[in-house]
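Single-structure report; data block below.
Quick note on labels: first sequence line is chain A, next is B, and so on, each numbered from 1. Keep in mind the model is a prediction, meaning the values are calculated, not measured.
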Amino acid sequence: MDLGIFEKKVLKKLLEIPSGKVSTYKLLAIAVKNPKAVRAVGNALHKNLDAPRVPCHRIVKSDGGLGGYGGGQTKKIKLLESEGVKVKNGRVLDFEKIIFRFK
DNA sequence: ACGACGGCCCTCG
DNA sequence: ACGAGGGCCGTCG
């Protein structure tokens with residue numbers, strides 16, 4: 001089962017996200033030139049086979065929420081905090097400051 | 001080819 | 001400020 005071309009792009013963009021920072025589904029959608037395909041993007045991350053290989057855990061919701069995670073948000077939080085991203089109550093602290101915008 | 005699902009986003013009440 | 005509903009996109013069975 002090969003990943004769709006869309007997911008491929010998404011994963012590639014994910015690799016551009018530096019450690020200690022996070023991005024949003026929407027920004028990703030925009031990065032792939034499909035601002036409305038935010039759901040498809042989420043799908044891509046969910047189907048992502050290379051769990052830690054791809055920083056899918058660095059993706060949060062537009063409002064700074066953790067969003068979801070294929071292995072459980074708990075693990076996601078753990079990973080994020082491991083990179084220096086503080087999470088509180090399912091919410092990223094200083095979200096607006098550590099967010100990475102695909103330039 | 002069709003229908004359903006998904007780690008969502010936005011607007012309206 | 002909170003809750004509910006609708007909409008869009010791609011991939012899988």
Within the 4.0 Å heavy-atom criterion, would you say [X] contacts the bases, only the backbone, or no part of the nucleic acid?
X	result
A/Gly4	sugar-phosphate
A/Gln73	nothing
A/Ala40	base
A/Ile59	base
A/Tyr25	base
A/Asn34	sugar-phosphate

Protein-nucleotide distance ([X], atom [atom1]; [N], atom [atom2]), rounded to Å:
X	N	atom1	atom2	value
A/Leu28	B/dC9	CG	C1'	14 Å
A/Leu66	B/dC8	CG	P	11 Å
A/Ile30	B/dC9	CD1	P	11 Å
A/Asn48	C/dT11	CG	P	15 Å
A/Asp63	B/dC9	CG	C1'	9 Å
A/Asn43	C/dG7	CG	C1'	16 Å
A/Ile5	C/dC9	CD1	C1'	15 Å
A/Lys47	B/dG6	NZ	C1'	8 Å

Task: Closest to the A/Ser62 side chain, choosing from B/dC8, C/dT11, B/dC9 - done: B/dC9
Task: Heavy-atom donor-acceptor pair, A/Asn89 side chain to A/Arg91 backbone, under 3.5 Å - done: no
Open item on the list: Between A/Arg58 and A/Leu79 (side chain of the first, backbone of the second, donor and acceptor by atom type, cut-off under 3.5 Å), is there such a pair?
Closed with: no
Open item on the list: The test is side-chain contact (heavy atoms from CB on, under 4.5 Å); show your working for A/Lys76 and A/Cys56 and say whether it passes.
Closed with: CA-CA 9 Å; A/Lys76 186 173 184 175; A/Cys56 43; over 6 Å; no
Open item on the list: Let's test this: given Watson-Crick or G-U wobble pairing with both distances under 3.5 Å, identify the partner of C/dC8.
Closed with: none
- [ ] Supply the atom-to-atom distance A/Leu14 CG to A/His57 NE2, rounded to the nearest 0.5 angstrom.
- [x] 9.5 Å
TODO: Could you point out which residue of A/Leu27, A/Ile59, A/Val22, A/Leu28 forms a side chain to side chain contact (heavy atoms under 4.5 Å, CB included) with A/Ile17?
DONE: A/Ile59
Task: Contact nearer the 5' end of DNA chain B, comparing A/Lys26 with A/Gly70 - done: A/Gly70
- [ ] Let me know, please, whether A/Glu7 or A/Val38 comes out on the 5' side of the other along DNA chain C by nearest nucleotide.
- [x] A/Val38
